[in-house]
Enquirer: 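The following block contains the structure, expressed as structure tokens.
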Amino acid sequence: MTVVRTRFAPSPTGSLHIGGLRTALFNWLLARAHNGQFILRIEDTDQKRFDPTALQTLTEALRWAGLQWDEGPEVGGPYGPYVQSERLHHYQQWAQWLVDNDKAYKCFCTPERLEQVNKEKQARKEPPGYDRFCRSLTPEQVAAKEAAGEKYVIRFKAPLEGQTVVHDLIRGETTFENSTLQDMVLLKSDGFPTYHLAVVVDDYLMQISHVLRAVEWFPSFPLHVQIWQAFGWPLPHFAHLPVMLNPNGKGKMSKRNPPRDEKGNIIPVFVHDYMKQGILPEAMINFLTNIGWNFGDERDIFTVEETLQRFRIEDVNPANSAFPYPKLEWTNAQYIRALPAETLAQHLKPFLLEAGLAVDDERLLKLAPVVQTRITRLADVVPLAGFIFADPAAFQPAPAEKIIQKKMDAASSVAILEKSLALIDTLPSFDTNTLLEAFSAVTTEWGVNNSQLFGVLRVAVSGQTVSTPTFETMELLGREESVRRIQLAIETLRAAIPAEG
RNA sequence: GGCCCCAUCGUCUAGCGGUCUAGGACAUCACCCUUUCAAGGUGAGGACACGGGUUCGAGUCCCGUUGGGGUCACCA
């Protein structure tokens with residue numbers, strides 16, 4: 001079997017799109033599954049859309065996901081450079097080759113004329129496209145225009161009749177009528193190639209064996225095949241991956257029209273947004289693997305190594321799919337729960353620090369198992385338990401109505417809290433188990449149930465209605481701070497009593 | 001609109017002519033457990049778009065309809 005070489009070839013126009021990551025993943029998977037090479041190539045041939053920070057953002061996202069490339073920017077390789085703007089001479093040379101061999105021609109038409117042609121075609125209800133005016137220019141005419149300094153592009157001489165049969169690993173054969181092909185621009189007037197020229201030349205020069213790209217490219221598939229054939233180069237294998245649609249199934253995922261969940265929250269489209277939320281890379285990869293492809297047995301959680309054992313590009317489902325966002329959250333939650341406490345703590349730390357909290361490792365390690373089954377994304381730890389690391393001086397007690405539990409009022413809550421203070425005073429130590437035992441023992445005597453007693457204390461101490469469990473929270477806060485907060489809650493409640501009449 | 005692709009529960013999917021009264025997962029709902037929120041346990045509802053063929057037999061093959069998607073640049 002020949003060496004499998006795949007490539008991910010994004011244009012650096014911004015952060016990496018989630019769909020781009022999926023394309024990269026499948027390329028990576030195919031290469032790794034066959035002990036081949038995965039190449040990263042940057043398609044920055046559009047000077048108008050140049051973003052100098054995008055390359056770094058891109059490589060950061062790819063590395064985060066664990067998709068290390070064997071050749072490409074930052075790592076080099078035998079077929080470099082891997083940035084298209086540094087390969088201009090190749091495209092110019094091969095474009096000229098096509099002209100010399102009568103497979104392409106110079107076109108001197110101005111953008112204004114092109115626009116005019118399209119307008120006229122539209123008026124006649126014809127499909128838009130270049131009218132091939134310059135295709136029939138004589139060598140003398142071309143020479144004269146060049147001598148006059150007229151700018152030109154190089155266009156492909158698409159076959160006018162016949163058919164192009166393309167073969168796709170996922171979709172099988174498709175036949176296109178050549179009459180629908182356009183004389184696409186291969187080399188722009190600024191000397192930069194268009195995508196159509198650059199992909200073919202680079203995929204050939206870089207010895208790519210399998211071209212895996214999004215279905216968006218399917219319409220230009222026959223054009224590319226024709227270009228490959230014009231060069232006389234043997235075709236690589238092609239596979240066009242299905243696109244990920246908005247969760248509601250309407251249209252592609254895009255930043256212009258951000259998808260939303262049922263509650264109206266925006267669902268991110270960029271990998272960096274997921275990184276910021278605290279999606280674990282392993283969870284992201286696991287999740288993405290099961291869209292358009294399926295692990296095969298009925299497991300939903302599996303490692304990338306296991307995927308490598310059975311990944312086959314032919315098994316990719318040709319149908320587009322809606323982006324199943326809730327499943328990503330579920331998958332991430334599964335991975336979070338499987339983490340050892342120390343690892344979880346390490347993962348949590350940057351999110352807490354980012355929120356401006358004073359994290360100490362000892363308490364963080366105790367907190368980790370407490371929040372483990374309560375968060376789906378790492379960043380969730382901040383609203384849930386961030387208060388534990390917040391500056392005590394800035395603590396704001398919860399309002400009275402939040403402290404008061406079901407079937408209780410301010411007065412009874414104050415009574416309970418005062419008894420609690422007295423009880424705490426008698427405790428030899430201040431840890432979760434001691435507290436739990438002591439407070440569980442007094443509910444009947446105090447005439448409340450667990451839910452009421454633990455509830456008042458929890459809201460008093462955390463200042464929130466949703467938080468970590470009561471006694472874990474108290475242990476984390478420490479005796480002194482817990483007592484202080486209970487006293488503050490009592491004050492808050494007392495202030496509310498007159499208002500109740 | 002032209003060209004092209006696609007079509008199984010709400011969603012992601014399994015299914016590659018008989019083992020399908022269609023399996024799993026997420027989501028939803030109910031119950032259990034319960035210290036808020038979770039997690040966990042048990043259970044329920046929920047799909048082969050439609051119409052023709054082919055075949056002894058079709059979710060699985062063919063054609064059409066409908067629906068959805070992609071694409072029509074000196075952007076990728």
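The shown structure was predicted, so the numbers you read here are calculated from the model rather than taken from an experiment. Naming: A, B, ... by sequence-line order, numbering from 1 per chain.
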Enquirer: A/F270 vs A/H17 aromatic rings, parallel, tilted or perpendicular, using cut-offs 30° and 60°?
Expert: perpendicular
Enquirer: Among B/C4, B/A7, B/C74, which nucleotide sits nearest the side chain of A/T174?
Expert: B/C4
Enquirer: Mind telling me whether A/F218 and A/H240 have parallel, tilted or perpendicular rings, with 30° and 60° as the class edges?
Expert: perpendicular
Enquirer: Could you write nucleotides 25-47 of chain B as a row of B, S and -, 5' to 3', where a protein heavy atom under 4.0 Å of any base atom gives B, of only sugar-phosphate atoms gives S, and otherwise -?
Expert: BS--------BBBBSS-------
Enquirer: Quantified in whole Å, what is the C1' atom distance between nucleotide B/C72 and nucleotide B/G45?
Expert: 45 Å
Enquirer: Quick one: are the ring centres of A/F133 and A/F108 less than 6.0 Å apart?
Expert: no
Enquirer: Rounded to the nearest angstrom, tell me the gap between atom CH2 in A/W217 and atom C1' in B/C72.
Expert: 13 Å
Enquirer: Between C1' on B/A73 and CG on A/D183, what's the gap in Å once rounded to a whole number?
Expert: 14 Å
Enquirer: Taking the six-membered ring for Trp, are A/F26 and A/F311 closer than 6.0 Å centroid to centroid?
Expert: yes
Enquirer: Which one is paired to B/G59, where only Watson-Crick or G-U wobble pairs with both distances under 3.5 angstrom count?
Expert: none
Enquirer: Scan A/Y195 against the nucleic acid and name what it touches under 4.0 Å (heavy atoms): base, sugar-phosphate only, or nothing.
Expert: base
Enquirer: Check the angle between the aromatic planes of A/F471 and A/F454 and answer parallel, tilted or perpendicular using the 30° and 60° thresholds.
Expert: perpendicular
Enquirer: Taking the six-membered ring for Trp, are A/Y274 and A/Y325 parallel (under 30°), tilted (30 to 60°) or perpendicular (over 60°)?
Expert: tilted
Enquirer: If I pick the C1' atom on B/A47 and the same atom on B/U28, what distance separates them, to the nearest angstrom?
Expert: 16 Å
Enquirer: Quick one: on RNA chain B, does A/P128 or A/V215 contact a more 5' nucleotide (nearest heavy atom)?
Expert: A/V215
Enquirer: Rounded to the nearest angstrom, tell me the gap between atom CZ in A/F302 and atom C1' in B/G24.
Expert: 13 Å
Enquirer: Take atom C1' in B/G69 and the same atom in B/A25, then report the distance between them in whole Å.
Expert: 25 Å
Enquirer: So what does A/G292 touch, heavy atoms closer than 4.0 Å: a base, only the sugar-phosphate, or nothing?
Expert: sugar-phosphate
Enquirer: Just the rounded figure in Å: distance from P of B/G69 to CE of A/M253.
Expert: 15 Å
Enquirer: On a whole-Å scale, what distance lies between the P atoms belonging to B/G23 and B/C31?
Expert: 26 Å
Enquirer: Taking A/E115's backbone N and O only, do any of them form a donor-acceptor pair with A/N118's side chain (distance below 3.5 Å, no angle check)?
Expert: no
Enquirer: Taking atom P of B/A14 as reference, at what distance in whole Å does atom CG of A/N290 sit?
Expert: 9 Å
Enquirer: Go nucleotide by nucleotide along RNA chain B from the 5' end; which of A/F176 and A/A322 gets its closest nucleotide reached first?
Expert: A/F176
Enquirer: For A/P12, which contact category applies under a 4.0 Å heavy-atom criterion: base, sugar-phosphate, or nothing?
Expert: nothing
Enquirer: For B/C20, give the paired nucleotide (Watson-Crick: N1-N3 plus N6-O4 or O6-N4; G-U: N1-O2 and O6-N3; both under 3.5 Å), or none.
Expert: none
Enquirer: Could you state the atom-to-atom distance from CD of A/Q182 to C1' of B/C72 in whole Å?
Expert: 8 Å
Enquirer: Under 4.0 Å between any heavy atoms, over every strand shown, what does A/K252 touch: base, sugar-phosphate, or nothing? Just pick one.
Expert: sugar-phosphate
Enquirer: Expressed in whole Å, how much space separates the C1' atoms belonging to B/C61 and B/G18?
Expert: 15 Å
Enquirer: Counting side-chain heavy atoms from C-beta on, which of B/C5, B/U71, B/A76 comes nearest to A/E216?
Expert: B/U71
Enquirer: Do A/N178 and A/T164 have side-chain atoms, one donor and one acceptor, less than 3.5 Å apart?
Expert: yes
Enquirer: Whole-Å distance between B/C74 P and A/M184 CE?
Expert: 6 Å
Enquirer: Using a heavy-atom cut-off of 4.0 Å across all strands, would you classify A/G251 as base, sugar-phosphate, or nothing?
Expert: sugar-phosphate
Enquirer: In whole Å, what separates the C1' atom of B/U66 from that of B/C20?
Expert: 26 Å
Enquirer: Distance check, P atoms only: B/A38 and B/A14, in whole angstrom units.
Expert: 32 Å
Enquirer: Using a strict 4.0 Å threshold on nitrogen-to-oxygen distance, state whether A/D431 and A/K366 make a salt bridge.
Expert: no
Enquirer: Taking only N and O in the side chain of A/T180, is any of them less than 4.0 Å away from OP1 or OP2 of B/G2?
Expert: no
Enquirer: Angle between ring planes, A/F221 versus A/F238, binned at 30° and 60°: parallel, tilted or perpendicular?
Expert: tilted
Enquirer: With a 4.0 Å limit, can you tell me whether A/K188 has a side-chain N or O closer than that to the phosphate oxygens OP1/OP2 of B/A76?
Expert: yes
Enquirer: Looking across every strand, which nucleic acid part, if any, lies under 4.0 Å from A/R155 by heavy atom: base, sugar-phosphate, or nothing?
Expert: sugar-phosphate
Enquirer: Checking base pairs now: Watson-Crick or wobble, both atom distances under 3.5 Å. What partners B/C72?
Expert: B/G1
Enquirer: In Watson-Crick or G-U wobble terms, both distances under 3.5 Å, what is the partner of B/U35?
Expert: none
Enquirer: Could you state the atom-to-atom distance from NZ of A/K48 to P of B/A76 in whole Å?
Expert: 8 Å
Enquirer: On a whole-Å scale, what distance lies between the P atoms belonging to B/U21 and B/A7?
Expert: 23 Å
Enquirer: Please state whether the base of B/C74 and the side chain of A/S189 form at least one donor-acceptor pair under 3.5 Å?
Expert: yes
Enquirer: Now, which nucleotide makes the Watson-Crick or G-U wobble pair with B/G10, with each of the two distances under 3.5 Å?
Expert: B/C26
